[in-house]
K.L.:
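Structure below; questions to follow.
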Amino acid sequence: MKIAIGQIDTVLGDVEKNVKKLEHYSDKAIEEKCDLIVFPELAACGYGLRDLVYTSSRTPDDSVFLNLKERSNYIDIVFGFAQKENGYFYNSSMYLSAGEIINIHKKRFLPDYGMFEEQRYFSPGETIESFKTKFGKTTILICEDAFHMSSHHQAFRNQTELLITLSASPFWSDHTSMKWEMWKNVCRTSAQLNGYFVVFSNRVGFEDGVGFFGKSFIVNPKGHIMKEASFIKEELFIGEIDLRDIERARLFMPIRKNEVCDEFVR
Amino acid sequence: MNLLDKLKIDCEFVATYLIEFTRQEITKTGITKAVLGLSGGIDSSVVAYIAKEALGKENVYGILMPYKLSSKESIEDALKVVKDTGINYKIFEITDTADTYINKFGDMDKLRKGNIFARMRMVTLFDHSQLYKGLVVGTSNKTELLLGYGTWYGDMASCLNPIGDLYKNQIYQLANYFKVPETIINKKPSADLWVGQSDEDELGFSYDDADIILYHLYDLHYTMEEVTSLGFRKELVAGIAERVKRNQFKRLPPIIAKISKRTINIDFRYLRDWGL
């Protein structure tokens, strides 16, 4: 199976323009015969929305998404958007397949420390759920969700086979590490311990000096990064996965067989 | 571990990042050119190399703005950067305009004059910004921004600043990476606002010490006592922390009296890249 990552830049607060770009990249991925394209967090509107949340949020049935839905007859599409619901706002993702919305995930953990102010504007989602796709059981995390062990535990409990992480992760570094090392550690460990594929889709571009570093990647169920996209450049990244690798990894490390955490949680 | 080692940056990634920052943050506004003041010092030299890589040498304008008392070496060094990068340049003396203003006062202290030179240069740069249809790229580093060692709406004024999150020591690392002419790297840092001026003499401490202290206080969240225990005088650490606090106003736009329910920058909150 071929998985594409649309490692894109966005126009801050211009949903129509951004969705046009999502359509364009989806078309390119269809041409490349990909089965899925994954876009970053808030790909439909940009990240640093602040008060633009009020005008850039949409309901999932908004007509702006119709063309994307139509394209999902040819390729599964997942992207981040600011969701409007009953006067409240969510940092959400939409998974489209066969012309339908098959999952909406509302970001569960909203960062409000350092440069982040998501919790000021968005309401948190309540669950980390899994749903069936052509890749098996699929779980979506949005950026900060992936920094909480409980999210990975939930994905494990749900018997996830494909973990998709949408991100708008800003670059920073110090003498001990580069930002992306943290993402690699998290995603590789999650993949290795839970025996599933992880797709990490990060955006690029700058918003008022904050640069999103890209370097999207796919990790196989043994915890190896199969392929990695470029640093801060927009690109359509394509990786090929063999779903049988999930079973092969679990034969090699059958972690779940001896797991007692469910009893422990009770 | 040498304390300065904590300031080590991966120059290749940082340079790539700053070049992309400069290119994208300028071109997304629809503008393709940059204007910057070239002093012959290390900061503006590094910015010239970044801007050239970002936009191409034909789209960058380095403006040399000497005053009659500016050192000859400053001009020579700035011209070395022009020659090495191939960017456009212009020498625009600020002596006449600055002196016309200064001569209206019988007596003027060094600080006021220094501010006038810095603001004359700001006027010149922003006028050339309109003339050449290019954005003014700032050249203030993190050390001087934190210390407030600059003129508000003078050298601190710009449209965007690629090096404002880099300490002086890190500017030197980038200068070596870009192979900035050695005379610029080796000379003592100076604002060159009066004859024989030296930044470190005027500040009363070295840039290396300031960088280490600032980095530990603000990037690593060390307490003043913890920074002192690294081997610095208590008065030096406290003095630097005081400077940072006292100069916070220079790092922000003017404050606005709140009257309405939506006040600019208080609860009317948008990034500058709104719609870009």
K.L.:
Using non-hydrogen atoms and a 4.5 Å limit, figure out which bit of B:Asp219 sits close to chain A: side chain, backbone, both or neither.
P.N.:
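Interface part for B:Asp219: neither.
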K.L.:
Could you state the interatomic distance from CZ (B:Arg269) to CZ (A:Arg120), rounded to the nearest 0.5 Å?
P.N.:
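Reported to 0.5 Å precision, the distance equals 4.0 Å.
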K.L.:
Pick one of side chain, backbone, both or neither for A:Phe231, based on which atoms fall under 4.5 Å of a heavy atom in chain B.
P.N.:
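Just its side chain gets close to chain B.
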K.L.:
Distance-only, no hydrogens or angles: does the A:Glu207 side chain make a donor-acceptor pair with backbone N or O of B:Asp273 under 3.5 Å?
P.N.:
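No; judged by distance alone, with no hydrogens or angles, the pair does not exist.
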K.L.:
Minimum heavy-atom separation for A:Asp208 and B:Arg272, please, with both atom names.
P.N.:
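What the structure gives for the nearest pair is OD2-N, 2.7 Å.
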K.L.:
Can you establish whether the number of heavy atoms outside B:Glu242 located under 6.0 Å from its atom CD is more than 12?
P.N.:
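Counting other residues, nucleotides and ligands, CD of B:Glu242 exceeds 12 neighbours.
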K.L.:
Heavy-atom pairs under 4.5 Å with chain B - which of A:Gly48, A:Gly13, A:Ser56 has more of them than the others?
P.N.:
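Option with the greatest count: A:Gly48.
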K.L.:
Out of A:Val204, A:Asp14, A:Leu52, which one racks up the most heavy-atom pairs below 4.5 Å with chain B?
P.N.:
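Among the listed options, the one with the most contacts to chain B is A:Leu52.
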K.L.:
In plain terms, say whether B:Lys28 and A:Asp9 are close enough for a salt bridge, that is, a side-chain N and a carboxylate O under 4.0 Å apart.
P.N.:
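Between A:Asp9 and B:Lys28 there is no salt bridge, as every charged N stays at least 4.0 Å from the carboxylate O atoms.
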K.L.:
For each of A:Asp174, A:Leu49, A:Val11, A:Thr176, tally heavy-atom pairs with chain B at distances under 4.5 Å, and name the one with the top tally.
P.N.:
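So the answer, after comparing A:Asp174, A:Leu49, A:Val11, A:Thr176, is A:Val11.
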K.L.:
Using non-hydrogen atoms only, which part of A:Val210 is less than 4.5 Å away from chain B: side chain, backbone, both, or neither?
P.N.:
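The backbone, not the side chain.
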K.L.:
In sequence, state the C-alpha distance, the side-chain angles, and the governing distance for B:Gln24 and A:Ile232, and then conclude on side chain to side chain contact (heavy atoms under 4.5 Å, CB included).
P.N.:
CA-CA 11 Å; B:Gln24 292 184 30; A:Ile232 59 171; 5.6 Å; no
K.L.:
Does B:Ile255 CD1 have over 12 foreign heavy atoms under 6.0 Å away?
P.N.:
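Atom CD1 in B:Ile255 is not packed in, count stays at 12 or less.
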K.L.:
Just wondering, more than 12 heavy atoms not from A:Tyr54 lying within 6.0 Å of its OH?
P.N.:
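Counting other residues, nucleotides and ligands, OH of A:Tyr54 exceeds 12 neighbours.
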K.L.:
Can you tell me which residue pairs pass the ring pair (Phe, Tyr, Trp, His ring centres under 6.0 Å) test with a partner in residues 246-274 of chain B, sequence neighbours excluded?
P.N.:
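Those involving residues 246-274 of chain B are B:Trp152-B:Phe249, B:Phe268-B:Tyr270, B:Tyr270-B:Trp274.
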K.L.:
For atom NZ of A:Lys20, is the number of surrounding heavy atoms from other residues, nucleotides or ligands below 6.0 Å larger than 12?
P.N.:
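Open: at most 12 neighbouring heavy atoms sit under 6.0 Å from NZ of A:Lys20.
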K.L.:
For the NZ atom on B:Lys258, are there more than 12 heavy atoms of other groups (residues, nucleotides or ligands in this structure) within a distance under 6.0 Å?
P.N.:
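It does: B:Lys258 NZ has more than 12 such atoms within range.
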K.L.:
Using a cut-off of 6.0 Å, state whether more than 12 heavy atoms not belonging to A:Met115 lie near its atom CE.
P.N.:
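It does: A:Met115 CE has more than 12 such atoms within range.
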K.L.:
How long is the straight-line distance from OG1 of A:Thr10 back to CG of B:Leu276, given to the nearest 0.5 Å?
P.N.:
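Reported to 0.5 Å precision, the distance equals 11.0 Å.
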K.L.:
Is A:Lys233 close to chain B through its backbone or its side chain, or both, or neither, when contacts mean heavy atoms under 4.5 Å?
P.N.:
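Contact with chain B involves the side chain of A:Lys233 alone.
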K.L.:
Using heavy atoms and a sub-4.5 Å threshold, report which of residues 6-22 of chain B line up against chain A, by residue number.
P.N.:
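B:Lys6, B:Lys8, B:Asp10, B:Phe13, B:Thr16, B:Tyr17, B:Glu20, B:Phe21, listed by number.
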K.L.:
Take atom CD1 of B:Ile264 as the centre, draw a 6.0 Å sphere, and report whether it contains more than 12 heavy atoms from other residues, nucleotides or ligands.
P.N.:
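Count not over threshold, so no.
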K.L.:
If you count the non-hydrogen atoms of other residues, nucleotides and ligands that lie under 6.0 Å from CD in A:Glu16, is the total more than 12?
P.N.:
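Yes, because the 6.0 Å sphere around CD of A:Glu16 holds more than 12 heavy atoms from other groups.
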K.L.:
Counting only heavy atoms closer than 4.5 Å, note whether A:Tyr121 contacts chain B via side chain, backbone, both or neither.
P.N.:
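For A:Tyr121, the contact with chain B is made by the side chain alone.
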